Amino acid sequence: MPKREPKPFDSLTGKLNGRQRAAVETTTGPLLIIAGAGSGKTRVITQRIARLLAEGVAGKTILALTFTNKAAKEMRERVRLLSDPTRSAPPISTFHSFGVQILREWITLLGFGRDFSIYDQIDKMSLLKEIAREVLGARNDVDLYSCAQTISAVKTGRTEWNAENDLYRPVADVYREHLRAYNAVDFDDLIVLPLELFERHSQVLDALRERYRYVMVDEFQDTSTAQYRIVEAVARKHRNLCVVGDDDQSIYSWRGASSLNMAYFERDFPERREIKLEQNYRSAHDILRAANSVIAHNRNRKQKELWTGLRADRCIEVFFPADEYEEARFIARTVRAIAGRGGVRLDKFGILVRTNSLIAPIEEALLGENIAYRVSGGTSFFQRKEIKDIIAYLKLIANPDDNVSLLRVVNTPRRGIGRKTVQMLRELSAERRESLYSTIQALIHAEDGRVSFKTRERLEEFVGIIEPYRAEFLAPRKLAEKLGRLIDDLNIRGHIVSEHPDNERPARLKFRSVMRFVDMMSAWENDPDVVAPTLFDFLARIALVNRDDNQEESDRRSVHLMTIHAAKGLEFDVVFLAGVEDGLIPHARALEEDESNIEEERRLFYVAITRAKRKLLLSACRTRRVMREVQERAASPFLDEIPDELIHVHEPDEPVEQRDAGSFFDQIRARLGLGRSDCRKRSPTPCVYRSRMIISTRRFFARFSSESFGATGSLPPFPV
DNA sequence: GGCGTGTTACTTTTT
DNA sequence: GTAACACGCC
């Protein structure tokens, strides 16, 4: 980040349009900003914060809440650029990390310990699995996934127990008890337990209201009702609550986001001001027209129409590759062509997909074309098995009551504590009403006929490793150094190597990621912004952050590859949307659940389109490999909602494709002694599409070099 | 009683 | 590509 002088106060609102300026200048009282895609929303929010600071409001009294860590980080940086660095910066966090802060301070009032564990999806599922076995016994026909969803929905007040979901109720009851016993909370608790504190201990809310005089919420359309209740409670007294949102970009209803929040806000803050931002500063005219016409098919929405002054020709192209490999290759080669000849920087490209599984083939093709890329979201680094194991050790060290973490690592690496021993420990700990860890400790010292000498020795070995570190990690700082020693003591390297007996490559890779994890910890604790680097804070951070954000600094100049959900709030000069197919967009699963989900799926498509500034390339495969089988696919019905005249069908001309397209993989295959790629041996799939302008590959690539996108209007030239 | 091996099905989106 | 399960071996 380049260092810049703080802007003087009066230039803060200089380049804003009338409505934006009004939004920035309305610093007190409740305010609703309806901000369409690309309408300069982030700019308005950050300038509004800067304005508050310039008016003399102390940074720490402004609470800004966003939905994702990425958005929080970006906002922090932009506020920093606009404000006086010597003054306190406002805390900008996600709802969930705000929840962690509240709980860290007051959770003991609810009978939890301060060093509670935070369970992610994987921890939660393994706990539920354990409980289902315990409670339902032989009845293993229950769908744990929908069980988890029901528990979450009930907990956050989205539904109630009824005849239909009642079979999950016993599981839910035990689940709650277990979390409490393990001194653990799940993601829902990070929102729900603060609310419980508000209700039962008024001093908590009093303190928060005193602390935060100004509250801002970004992506308001994606907040759940429980989240809204937190915000409302904190802001009720001072009434300086500003919410910013766009109902057309609501794509998280499956996670509890509710359009009711808007109605609640209107009810709770009747004196609010409302400002609509409808001028789009991002996308070229055709892209915006396409987006508008797609979203107009939704019946359930607030009427608005985005407009722009930015003109450019031939912004939208559609391509129908034979399969996902051709699609991936098309994307990689087009990136190469535009970046090389059009002089567009790689980080100006966004490749978006509906599901994480579509990322892999594209990644491969980018690798093949030697294009630097970064993946956001997807299977998180912290979800990898080898990393989860290390984290489980740390969690157990921080919180010995954490049975889920203990069960994960008690026999990893193998130390002869198998199913029978674990079963015995379970029974004993239930009897003694204490955690597994305490039970193990007690067993080592006491005489108990149920435990053989050998088993006792093995348990002693386990505790012998953990115990010294419990004392050490109690003290903050030098955490990475301690972790390094723990990894040595556990002989993680030997363990990983023994897991891959035949080839050492994956073993090396895995151990490298373990080492990278240690480096991340070290980088985190040495960050001057981190005041007290405790083990708890580190664990809380990695529980809530998908990916280490510091990492991104190093690979700045690379293509972004991610799901549409992860792309919300971002913008790119060139956007590829892969897999624009029926069943993917809209996703078959979503419609299966409820036909009316089609509107959210359409919003998702809308969000994807509106990420593009100058060029949008859509592709729909004619066949796609789904799990084991190759399926014939149809194009997304949403494609028909874009006016014909805006779309140019991209048809590669055969000779070029035949010769070049497969070459990289075929060469690899040839080198490995394999046959030619079988992805060309496919059945001819009819892909009947209304006739649209057809352009050849050669002309397509040539155009990028000569006209640089054919931009004719007021769009600035691409930076070289 | 633990562990290695071979089999299965699973992949919507995320804090 | 992987995680969970069943089976038979040590």
Side-chain angles (χ1 to χ4, degrees), chain A residues 65-72 93-100 118-122 124-126 129 133 140 143-145 149 152 156 185-192 219 222-224 226-227 250-257 352-360 376-380 382-386 388 408 411-424 451-452 454-455 458 498-499 501-502 506 540-547 562-568 579 583-593 597 600-601 603-605 607-608 624-628:
Chain A
L65 294 169
T66 65
F67 203 62
T68 63
N69 292 295
K70 198 181 248 175
S93 64
T94 63
F95 275 98
H96 288 84
S97 51
F98 182 53
V100 171
I118 299 169
Y119 283 177
D120 65 13
Q121 208 66 7
I122 296 172
K124 179 180 178 175
M125 290 313 277
S126 76
K129 202 174 292 175
R133 247 199 307 263
N140 53 359
D143 178 6
L144 275 185
Y145 183 75
Q149 280 195 319
S152 170
T156 54
V185 304
D186 64 14
F187 282 141
D188 294 325
D189 289 326
L190 296 178
I191 307 301
V192 169
E219 309 283 13
D222 285 326
T223 55
S224 67
Q227 287 168 334
S250 165
I251 53 174
Y252 282 97
S253 74
W254 51 274
R255 219 176 74 181
L352 311 185
V353 292
R354 173 67 229 264
T355 66
N356 283 306
S357 58
L358 299 202
I359 288 177
S376 325
T379 316
S380 152
F382 302 115
Q383 315 252 58
R384 293 185 195 175
K385 194 184 165 304
E386 66 274 19
K388 271 237 82 153
R408 191 180 172 98
N411 202 30
T412 313
R414 302 243 133 84
R415 48 176 78 88
I417 303 172
R419 240 181 54 203
K420 281 282 149 104
T421 307
V422 168
Q423 188 51 38
M424 180 271 295
V451 199
S452 70
K454 196 87 202 151
T455 303
R458 289 160 172 167
S498 71
E499 294 269 281
D502 25 296
R541 185 195 149 84
I542 62 175
L544 299 176
V545 173
N546 234 344
R547 199 171 174 280
M562 66 188 97
T563 63
I564 303 171
H565 282 89
K568 207 174 61 150
L584 228 37
I585 308 176
H587 200 281
R589 276 279 163 88
L591 300 187
E592 232 170 70
E593 246 169 47
N597 283 340
E600 177 146 322
E601 295 295 306
R603 287 194 292 270
L604 210 43
F605 188 52
V607 167
R624 182 180 292 278
R625 195 195 184 93
V626 184
M627 283 188 268
R628 282 242 120 96

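Because the structure is predicted, anything quoted here is derived from the model rather than measured. By convention in this document, chain letters (A, B, ...) are assigned in the order of the sequence lines, proteins followed by strands, and residues within each chain are numbered from 1.
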In whole angstroms, the gap separating P of B:dT15 from CZ of A:F382 amounts to 12 Å
Atom CD of A:Q121 and atom P of B:dT12 are separated, to the nearest Å, by 13 Å
Output row for DNA chain C, stems defined as at least 3 consecutive Watson-Crick or G-U pairs under 3.5 Å, is B:1-9 with C:2-10
Those residues at least two apart in sequence (or on a different chain) that pass ring-ring contact (aromatic ring centres under 6.0 Å, His included) with A:F605 are A:F638
Under-4.0 Å side-chain N/O to phosphate OP1/OP2 contact, A:N597 with B:dT13: no
By ring-ring contact (aromatic ring centres under 6.0 Å, His included), A:F98 pairs with (sequence neighbours left out) A:Y212
A:E593 CD to B:dT13 P, in whole Å, measures 13 Å
Residues passing the side-chain contact (heavy atoms from CB on, under 4.5 Å) test with A:T156, sequence neighbours excluded, are A:R158, A:D188, A:V192
**Request:** Answer yes or no: side-chain N or O of A:H587 and base N or O of B:dT12 forming a donor-acceptor pair under 3.5 Å.
**Result:** no
A:R414 atom CZ is separated from B:dG2 atom P, nearest whole Å, by 11 Å
Residues at least two apart in sequence or cross-chain that pass salt bridge (charged side-chain N to carboxylate O under 4.0 Å, His left out) with A:R354, listed by chain then number, are A:E601
Sorted by chain and number, sequence neighbours left out, salt bridge (charged side-chain N to carboxylate O under 4.0 Å, His left out) with A:R408 holds for A:D389
By side-chain contact (heavy atoms from CB on, under 4.5 Å), A:K420 pairs with (sequence neighbours left out) none
In whole angstroms, the gap separating C1' of B:dT11 from CZ of A:R624 amounts to 13 Å
Are the ring of A:F67 and the base ring of B:dT15 both nearer than 5.5 Å at their centres and tilted by less than 30°?
-> no
Here the distance between atom C1' of B:dG2 and atom CG of A:N411, to the nearest Å, is 8 Å
By side-chain contact (heavy atoms from CB on, under 4.5 Å), A:A540 pairs with (sequence neighbours left out) A:V100, A:I118, A:F536
With 3.5 Å as the limit, what N/O pairs link the protein to nucleotides 1-8 of chain C?
residue	atom	partner	partner atom	Å
C:dG1	O6	A:R628	NH2	3.4

